[in-house]
Each structure stands twice: as structure tokens, then as C-alpha cells.
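Remarks on the structure that follows.
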There are 2 protein chains.
Amino acid sequence: MRDLISTIKIQVNEKIYVKDPETSTLGKKIIKESILLIDDIGFDDFTFKKLGVKIGSNESSIYRYFENKHKLLVYLSSWYWNWMEYKLFFATNNIEDSFDKLKKAIIIVTEKIEDDEATKHINESVLNKIIISEFTKTLHTKEVDEENKEGFFLIYKNVINRIVHLIIAVNPDYPFAKSLASNIIEGALHQHFLRDHLTTITNCNENISPTDFYINLITTVLKK
Amino acid sequence: MRDLISTIKIQVNEKIYVKDPETSTLGKKIIKESILLIDDIGFDDFTFKKLGVKIGSNESSIYRYFENKHKLLVYLSSWYWNWMEYKLFFATNNIEDSFDKLKKAIIIVTEKIEDDEATKHINESVLNKIIISEFTKTLHTKEVDEENKEGFFLIYKNVINRIVHLIIAVNPDYPFAKSLASNIIEGALHQHFLRDHLTTITNCNENISPTDFYINLITTVLKK
DNA sequence: GCAAATATAATAGCAATACTATCAAATACA
DNA sequence: TGTATTTGATAGTATTGCTATTATATTTGC
């Protein structure tokens, strides 16, 4: 799987960037270092000027790759969910039993991420931290409907739809497969966030993981 | 209940504001019109300058009530969750059966909000729309840990804890009461958001509500 | 009813943000 | 080697997110 991911190019909607950052060393540097800088100072305080200083490049050069920092975050998110979809595919591909398959998928989308060494310019572990704390901001804008029409969130929706199909395979009579799937994806990020910051309103800690919570949830909810 | 709410003053942590907006007409105007303006143009584009123009007041006058727009949003959120807690209390107070009580509570926190005419300077229906699209931004900042220590999110956590107690009353053996409660509160906002913007990844629409989804969820999850 | 206290408005100003434009220098590539 | 493309450097603009100061209302306490 590691080798497969390193050869398959992660596809991101072309409208998200001005120039594809995968096509140059500066572009890859922008991706790599923006992940570290956003993790470090937070997306709200992140600017292209600061990123320029960090990578020893000019602000205006970064604008040649991304219109603004919002689009960069949408790009990083798309990259993350695309990578997640590959992981899902390879991890569940050879499982026969539909419930085991769903279970494996839930583990993949809710677990804490370790760095995948196959992608040298992206640290998935740090990217996962960004997704936990910043992903919601890609959706919660006044432009969400336009951007949705442009296909900015297609990859994210693909991941959810993959889970939807697995849920239906387990229990075709369950009437809320889509809501359950979107709830688990969003909810897992939220439980990770609560574990890190608002510890009194989650059961998740060093011993109990969001994965435990959601595996228990689907087991009872989809029981026939 | 309507009368009770109009007499009980909604309490908000004093550290959130510079001067209590409930103590003056300008303060109340700031609250009332900021809700409408944030709903109109979105929190990201909202500025004190624009609000000043809208209420025919000076930017600097608004700064005497709130340090910045983030604090104003935290204030509006606190007000909302405090109001929600009153609603929860009065709606569940006289119910004996623990499951009916929980069910009623879930209806209250997940349903679409109509304006409560008892509070003249706050349109709860519009405030609910803001909470759906902007509440997550109060938490997802680099300052979340400090602000949590200062008690900025106490009222929000109170609402969740109230649900936690109701869950435990229904099934004391269920091991994820806190995660379930925080998932439902956050998840319901998210399902409302998806219904409005990303309709393909939710079952919620004009006929099926987030309430239906979560009532079904607790019914199966907490079954003994 | 008047003085004192307080609240609000008006204006100015400053540093940072979020860009755009232009031109020069470096690099790639044919 | 010449040309195209990419990057860097510099400058500039409108807006944001404030703070400070002073003037003018408005409230209140006696």
C-alpha cells in the first residue's frame, strides 16, 4: 500500500489552485511548510507573508500558486481526504464480511494518524492535526454553495459516500446511512478536538479513543 | 415558560465583555444588530466598522463593549446556550420517565429554532442560524485553552452535562455518555448545516429532521 | 435645576493584512 | 545560444483591527 500511494498521484480539483504545486520544488515547499506553519501558529494568524519568510521566498510567488489562504486550506483538505480514500480502499479491499469491512473503515477514518513516509513533502500526522482543528473552516464560509458547485468538496463527499455504501451493505433497512456517515467523519474530528482541549465533555482520553466510541455506536445502531 | 425567561436574566461570564451590553440601549442595539449583520454577511466579513454604520454609531463605541469580534461571537454563543439551558430545564422539569425526559431534551437541542418573542432585542431564530454556521469558530482558535480556563465555554458545557445526566439516568451502563452528548449537540448543528448546503451527505431534508436521526440513535444505542 | 460624572461620537493615526502590478534576475528547455 | 518560464524584489493600495484624544451629549445625584 505504501508503494501504491507513492506512485498514484493525489488528484485535487484544478479550480482550487492557480498553478499546481506538485509541478515544482517551490510548490512542494509551499505545501510542506504551510502545513507546519498552520499547525504552529493556527490558520487565523497564518499569512502568505509569514510563509514566504519561512520558506525564504517572496509573498508574491506564493500568490502564483494559490489565490488566498482559504484556497490553500481547501487544497490541503482535499489532499488529506484523497489520501484517506486511498487508505480506505486498500485497507478494506480484501475483507469479505460486510460488518468487518465497515469496522475497518471506521477505524481508518477515526484513528489518530501517523506520518506516512511514502510522501516525503507531506507530514500526514501534522496534516491530521490541522484537519482536526481547521477543516471546519473550509466549509463555514459565505461562499460554501458556490464552492460546492465548483466541486471543491467532492473528495470529502466521496469518503463519506464510501462509508455510506458500507453501512447500507451491513443493514439496508437503516434509514439514516448518510447522516450516520457524515456524523462519524465530522464527529471523530470533534472528539479528537475535545480530547485535546475540552476534556470534560468527552469520554476520550489516553485509554479510550474516538474509534472505540464509534465502533460501539455502529455495532448497536446497525444491529438487526 | 415564556414569562420566566423574560424575567430571568441570561448570565454571561463577565470576562467576555468590557461593558455589559444588557445595561444600555446602545449595548442592546449592538447585540440585536450584530446578530442580523453576521447572519447577513457572515462572521468572516463582519467588522465593527460595518456594524457601526448599520446602527448609526461609531466603531470606537462598540469597542467599549467588546474587545474584538471574536469576543462578541463568544458572547452571542454563551447567550444562546444559556437560553437553551432554560428551555431544557422548563421543558423536561415535569417529566417523570427518564427516557421520555431524555427524548424531550434531544428534541429541544436538535430542533430548528423559532423566534422567542419574550426577548425583544434578540431574534432566536436568526441567532440559531448563526450558531449553526459560526459557533465552531469560537472553539477553533489558538486561544481555546486559555479561554476555556477563563470559563468562556462553561455554559456550553453545562448544556452538554445536562444531557449527560439524562443519558446516565436512562442507561447507567453505557460507557460513552459524555461523547454521545457532545456528539449530539455538535452533530445536530452539523446536520442542519449539511441540510442547507451539502445535501448529498445527509438524510435530513424537509421531511426528515436532525431530530428524527438523533432520537432514533439514542433509542437504539441506549437500549438495554 | 445645575454640576459632576459618565457615555457616546468624531477624528486621527498606526501597524498589519490581503492583495495587485511591474520589472529584473535566474533558471529551464529546445 | 536564445527564448520562455519562473521566481524575486520592490512598490503601492484599500481594508482591517485596533488605540488615543478630544468634543459633545446624556444621565445622575444633590
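Here is how names work: the chains are called A, B, and so on, in the same order as the sequence lines, proteins then strands, and each is numbered from 1. Only a predicted model underlies this, so the values are computations on that prediction, with no experimental measurement involved.
Contacts with DNA chain D (heavy atom under 4.0 Å) in residues 39-54 of chain A: none are found. Residues of residues 57-64 of chain A having a heavy atom closer than 4.0 Å to DNA chain D, listed by number: A:Ser57, A:Asn58, A:Ser60, A:Ser61, A:Arg64.
Residues satisfying the side-chain hydrogen bond (donor to acceptor under 3.5 Å, both in side chains) test with A:His165, not counting sequence neighbours, are none. A:Asp212 is linked by a side chain to side chain contact (heavy atoms under 4.5 Å, CB included) to A:Ile208, A:Ser209, B:Phe176, counting only residues two or more places apart in sequence or in another chain. With sequence neighbours excluded, the residues that form a side chain to side chain contact (heavy atoms under 4.5 Å, CB included) with B:Lys129 are B:Asp39. Taking A:Asp44 as the reference, A:Lys137 meet the side-chain hydrogen bond (donor to acceptor under 3.5 Å, both in side chains) condition, with sequence neighbours excluded. Judged as a side chain to side chain contact (heavy atoms under 4.5 Å, CB included), and not counting sequence neighbours, the contacts of B:His70 are B:Asn68, B:Val74, B:Thr141, B:Glu147. Residues passing the ring-ring contact (aromatic ring centres under 6.0 Å, His included) test with A:Tyr65, sequence neighbours excluded: none. With sequence neighbours left out, A:Asn148 forms a side-chain hydrogen bond (donor to acceptor under 3.5 Å, both in side chains) with A:Lys157. Annotation: side-chain hydrogen bond (donor to acceptor under 3.5 Å, both in side chains) contacts of B:Tyr156 (sequence neighbours excluded): none.
Distance, B:Leu26 CG to C:dA10 P: 12 Å, rounded to whole Å. Atom-to-atom, CD of A:Glu67 to P of C:dA21 comes out at 13 Å; the value is rounded to the nearest Å.
Residue pairs that meet the side chain to side chain donor-acceptor pair (under 3.5 Å) test with at least one member in residues 49-60 of chain A, sequence neighbours left out, are A:Asn58-A:Ser60.
Here the range on DNA chain D touched by chain A, meaning any atom under 4.0 Å from one of its heavy atoms, is D:dT6 to D:dT10.
If you check every strand for non-hydrogen atoms under 4.0 Å, B:Phe66 touches nothing.
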Stepwise, does the side chain to side chain donor-acceptor pair (under 3.5 Å) test hold for A:Thr211 with A:Glu111? CA-CA 6 Å; A:Thr211 305; A:Glu111 74 187 347; 5.9 Å; no
